[in-house]
Amino acid sequence: MGTAHAIHLGAVGPAVCCTVHNDKPWHLMRQEYIKNGMMRQAVKGAIMEVYAARGMSQRARVATALVVIILREVVGSLKLVPYGLYAHNLYLSLVPFGLPSSTVVAQHMKLSGAKGLKRGSQNILQSWLRPRTHNVSIARNVRYGDGERNLMDIYVPGGPVQGGSKPVIMFVHGGVWASGDKWQFSPLGSQLAQDGVIAVVVQYTLFPQVLAADQVSEVSQALTWTMDNIQNYGGHPRKIYVMGHSSGSHLCAMLLWERARCRTEMSQGWTVEQQDARIPHGFIGLAGVYDIAEHYKYETQRGVNALSCMKPAMGGEKGFYSMSPTLLFMSLFKDLKTDDAAKFLVEGTDLVPTTCVIFTSDSDIVVPPDSSFALHRVLTTAGCNSRVIKHNALRHEDFVIWYDGWGNVKPDIGTYFQDIIDYVRDEIPVGISSLLEY
């Protein structure tokens, strides 16, 4: 659901979220952070957990344990501040799609009032603002839906746009369904683009403004927009891979389920109005949550269930099953197996991507590997060429935060990143072994 260093277990800790948020003044960023749903939920959940305990001594023990967890997470989040500064600076310094690099630097210098600085200071500032990636441009704040946060950033590799031949990764961030902004993943998008992959980084409306089911619909809208328009940026509409991290991976898996259900109904002659049933070329799951009830048990064992937004974001426990892609896929395929008529009508219809690769790690204490293996087994029964890859040196946040401080690549990221690139280039031998472990 997010890093091990955030109160909300989000993809990027709160210290990063409130350090830099686009170009807003500090006091506005602080107000947004205070109003953020994940913080309210954490405080509310902690208070309810304390009052649910019996007796003063038990309440004191529960309160102490929760305070220790919160302090540990806050300290971990503070360690992410250098990454947040680096990501935001990189985000601002990238060349807008179709605009020369020299023009961008000139604009930054003008906006910062750098003309009044001494020559030496100008050189330092210009060096700091110069794009840190080679041959990468960005289309910022591309709208895919009507919601205020229905925006995406598109990282485009250098070279000709005509022809639409480049592979595409549509990335959906995590953050316990309640936090995260697309700029935080500018290093991820830039790195993918440097390796020739168009990266579409999507953000969506957060809990508590909407529930997770609504987020699935928004992410589906983003995929539809990408399929319809990515060719204008040089991307191949039939080589689109959806990739999500943690709760974002859950949303991607739910998107796949919704489209599989839709294709099943369409193949049986049912009328499905205004729903896109096209499926992406592939799926990349990064430490995702795919069975909500099982993960809630794990959160309870860790003692963080009261601080997590997962349960309320699903609409309470009554929504656990209907928001668990592993169970939903299992039920769908079981019905098709036992219903001969339905099986005949659906036969030959692709219900899931042809290939999937799911990443996990034994070092991930936020989302254990069991979740990934369970989804893998279900997708395999549907004929999907699925594979689980374990990078056991990676922690939960390492799957998306590849840099440590100011642009230094973390250890053990190289092999993991190359696995993603090889898969997207159709070079990873997915069918040879269902498990690859590092």
Side-chain angles (χ1 to χ4, degrees), residues 2-3 5-6 8 10-26 28-33 35-36 38 77 80-97 99 104 107-108 111-112 128-133 136-145 147-156 169-194 198-206 215 218-219 222 226 233 243-248 286 397 399-407:
T3 72
H5 301 302
H8 57 291
V12 176
V16 175
C17 295
C18 65
T19 301
V20 279
H21 184 85
N22 295 330
D23 303 311
K24 297 181 181 179
W26 165 255
L28 292 180
M29 294 186 288
R30 182 175 180 273
Q31 289 174 8
E32 278 197 8
Y33 177 60
K35 291 189 294 183
N36 194 292
M38 61 88 188
S77 298
L80 292 174
V81 169
Y83 169 82
L85 293 171
Y86 170 72
H88 193 257
N89 177 44
L90 174 61
Y91 183 73
L92 293 179
S93 68
L94 284 168
V95 180
F97 181 62
L99 193 63
V104 177
Q107 287 181 344
H108 281 312
L111 290 172
S112 63
W128 187 68
L129 289 170
R130 187 177 295 117
R132 285 168 164 72
T133 53
V136 175
S137 60
I138 181 174
R140 295 183 180 87
N141 299 320
V142 178
R143 180 160 293 282
Y144 68 84
E148 182 181 354
R149 282 178 53 90
N150 289 171
L151 302 170
M152 58 173 66
D153 293 328
I154 304 174
Y155 296 79
V156 184
I169 287 181
M170 191 189 87
F171 173 71
V172 181
H173 66 78
V176 80
W177 300 271
S179 69
D181 284 281
K182 53 189 175 56
W183 68 262
Q184 296 167 342
F185 304 96
S186 57
L188 180 151
S190 302
Q191 188 62 56
L192 288 172
Q194 285 190 76
I198 294 178
V200 179
V201 180
V202 177
Q203 70 179 24
Y204 47 89
T205 308
L206 302 175
Q215 295 172 345
E218 292 186 6
V219 172
T226 303
Y233 300 85
M243 179 173 82
H245 174 242
S246 198
S247 57
L286 310 178
E397 65 270 27
F399 285 101
V400 288
I401 300 179
W402 300 341
Y403 293 84
D404 185 10
W406 287 87

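Only heavy atoms go into these numbers, but all of them, side chains included; no hydrogens, no water, no symmetry mates.
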[X] and [Y]: which non-hydrogen atoms are nearest, and at how many Å?
{"X": "Thr226", "Y": "Met152", "value": "OG1-CE, 4.0 Å"}
{"X": "Leu92", "Y": "Arg140", "value": "O-NH2, 3.5 Å"}
{"X": "Leu151", "Y": "Lys182", "value": "CB-CE, 3.8 Å"}
{"X": "Tyr144", "Y": "Glu218", "value": "CE1-O, 3.1 Å"}
{"X": "Ser190", "Y": "Val136", "value": "O-CG2, 4.0 Å"}
{"X": "Ala87", "Y": "Pro187", "value": "CB-CD, 3.8 Å"}

[X] side chain to [Y] main-chain N or O, any donor-acceptor pair under 3.5 Å?
{"X": "Tyr204", "Y": "Gly147", "answer": "no"}
{"X": "Asp153", "Y": "Asn141", "answer": "yes"}
{"X": "Tyr83", "Y": "Gln184", "answer": "yes"}
{"X": "Thr205", "Y": "Arg149", "answer": "no"}

Are Met243 and Leu188 side-chain neighbours, meaning at least one heavy-atom pair lies under 4.5 Å?
-> yes
With side chains defined as the heavy atoms from C-beta onward, is the minimum distance between Phe171 and Leu192 less than 4.5 Å?
-> no
Report the relative orientation of the aromatic rings in Tyr86 and Tyr403; use parallel for angles under 30°, tilted for 30 to 60°, perpendicular for over 60°.
-> tilted
Just jot down the side-chain hydrogen bond (donor to acceptor under 3.5 Å, both in side chains) partners of Tyr233, sequence neighbours excluded, or say none.
-> none
Drop me the distance from Ile401's CD1 to His245's NE2, to the nearest 0.5 angstrom.
-> 8.0 Å
